[in-house]
2 protein chains.
Amino acid sequence: MPKRRWLKRDVVIEQAAALANEAGSVTAVSLATLAQALQIRPPSLYNHVASLEDLHRGLALFGLRQLMVELRQASLGLVGREAILATASAYRRFVHAQPGIYPLTVRAPEPEETEATALSQELVQMLLLMMASLGLQGDDAIHAIRGLRAILHGFTSLETAAAYKIPLDQDESFYRLLNAYLDGLTQ
Amino acid sequence: MPKRRWLKRDVVIEQAAALANEAGSVTAVSLATLAQALQIRPPSLYNHVASLEDLHRGLALFGLRQLMVELRQASLGLVGREAILATASAYRRFVHAQPGIYPLTVRAPEPEETEATALSQELVQMLLLMMASLGLQGDDAIHAIRGLRAILHGFTSLETAAAYKIPLDQDESFYRLLNAYLDGLTQ
DNA sequence: TTGACAAACTAATGATATTAGTTTATAAAC
DNA sequence: GTTTATAAACTAATATCATTAGTTTGTCAA
């Protein structure tokens with residue numbers, strides 16, 4: 001019964017993310033279940049996170065980091081519509097792979113969450129560049145980005161909520177939606 | 001200290017909806033706060049709802065009913081793009097007016113929730129009709145509906161989550177998104 | 001070897017949903 | 001009008017939750 005000392009915030013958050021993704025929702029991870037998975041007692045978690053809310057903040061950052069890794073990789077070397085479609089696919093893949101923590105990445109970070117804020121800004125910059133390569137600038141580009149994010153978040157959320165019940169290929173629906181929007185934007 | 005007997009399930013759910021919408025989230029309504037608002041003790045609520053989950057089911061149906069009232073009214077007598085734009089505006093207005101219960105209306109109802117299922121189907125039928133008046137039928141229409149719902153849910157959710165931080169008119173973003181999509185669909 | 005501290009622990013608190021068992025107001029039947 | 005059945009309130013109690021306070025102990029650096 002040793003008092004292990006190897007536990008780091010990162011390990012705690014990683015484990016929490018694993019539990020959340022297995023269950024498909026953050027609500028499934030309580031301090032009790034998380035502590036059990038880490039083989040410690042619930043109060044000991046407070047050595048690594050300040051509160052349940054702080055754990056969620058940590059999960060959001062953890063998710064945002066991974067999301068951006070995937071999006072950067074997906075868009076590497078691509079421009080215009082090709083870049084946007086590849087990024088959109090990667091976004092959707094991320095939501096499917098990490099259904100538990102994805103919703104946390106959506107909430108706007110507080111100003112003091114500097115890394116999360118930076119990642120959010122990077123995402124906007126990345127999309128702005130793609131819109132520019134489609135010929136959109138200034139306010140047009142901002143409106144276009146808002147629309148794209150609405151599409152990505154909306155489609156993947158409804159998918160996850162099992163709201164599309166008709167047996168018709170969802171990949172196809174996704175690409176049609178994106179292409180229709182991009183056609184409409186650029187015509 | 002009378003044992004009042006006027007309390008009905010509808011009243012309980014109405015009060016719960018009011019609390020949820022005031023706070024902007026269902027998570028704000030516990031059986032304790034709800035009981036307090038109704039001036040009864042928490043266990044007494046079990047005379048009207050089977051559980052917290054059942055209360056949420058009730059709230060979802062309550063919301064879905066109102067949403068459909070608004071959408072029917074908004075689209076009355078309109079066809080094609082005009083009908084879709086009016087319906088979309090009404091949808092967005094509903095989300096703004098009822099931020100607490102809107103998210104519950106998104107989850108797909110279980111088959112035994114007959115009225116909720118019927119309302120869901122009515123929504124699909126309504127949108128199918130509009131798509132038909134745009135010239136879309138069959139699978140094309142289904143894909144188009146999925147896209148539209150993704151847009152409506154995605155845009156309003158991101159708005160509510162305060163994810164659009166740049167000071168640029170959100171009405172404008174919404175209409176540009178819809179029009180771009182509809183342009184892309186019908187070209 | 002020692003001493004400081006991070007990280008674990010136990011114990012306790014207040015909020016939560018929920019169940020069991022009890023009382024009582026009210027509406028219908030007599 | 002009195003009786004009675006029951007819906008709807010109640011009290012009491014339980015298990016689980018996040019959280020705080022105070023205590024112990026392993027480990028690393030001096």
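Values in this document were obtained by computation on a predicted structure and should not be read as measured data. To find a chain, count down the sequence lines: A is the first, B the second, and so on, and within it residues start at 1. Basis for what follows: all heavy atoms, side chains included, without hydrogens, waters or symmetry-related copies.
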Under 4.0 Å, counting only non-hydrogen atoms across every strand here, what does Ser44(B) touch: a base, just sugar-phosphate, or nothing?
base
Rounded to the Å, how far apart are Gln36(A) CD and dA8(C) C1'?
17 Å
dA8(C) OP1/OP2 closer than 4.0 Å to side-chain N/O of Arg41(A)
no
Any His48(A) side-chain nitrogen or oxygen under 4.0 Å from OP1 or OP2 of dA8(C)
yes
Is there a donor-acceptor pair under 3.5 Å between the side chain of Glu113(B) and the backbone N or O of Glu110(B)?
yes
Could you give the CG-to-C1' distance, from Leu34(A) to dC17(D), as a whole number of Å?
14 Å
Would Ser89(A) and Tyr175(A) count as having a side-chain donor-acceptor pair, cut-off 3.5 Å?
yes
Tell me the interatomic distance from Lys8(A), atom NZ, to dT27(D), atom P, rounded to whole angstroms.
13 Å
Regarding the side chain of Pro42(A), the nearest nucleotide among dT18(C), dT19(D), dC9(C) is dT19(D)
Would you mind reading off the distance between Leu38(B) atom CG and dC10(D) atom P, rounded to a whole angstrom?
11 Å
With heavy-atom distances below 4.5 Å as the criterion, would you say the side chains of Leu78(A) and Leu85(A) are in contact?
no
Please give, in whole Å, the distance from dA17(C) P to Leu52(B) CG?
6 Å
Per Ser30(A) side chain, nearest of listed nucleotides dT16(C), dT18(C), dA18(D)
dA18(D)
Rounded to whole Å, the CD-C1' distance (Glu53(B) to dA17(C)) equals 12 Å
Closest-nucleotide ordering on DNA chain D, the 5'-leading residue of Ala50(A) and Thr33(A)
Thr33(A)
For Asp54(A) and dT19(D), what is the distance between atoms CG and C1' respectively, to the nearest whole Å?
14 Å
Joint hydrophobic cluster, Leu52(B) plus Leu61(B), side-chain heavy atoms closer than 4.5 Å
no
Whole angstroms only, please: what is the OH-P distance between Tyr46(B) and dT18(C)?
3 Å
Would the distance check show the side chain of Asn21(B) and the main-chain N or O of Ala17(B) forming a donor-acceptor pair, the cut-off being under 3.5 Å?
yes
Polar side-chain contact Asn47(A)-dA8(C) base: donor and acceptor under 3.5 Å:
yes
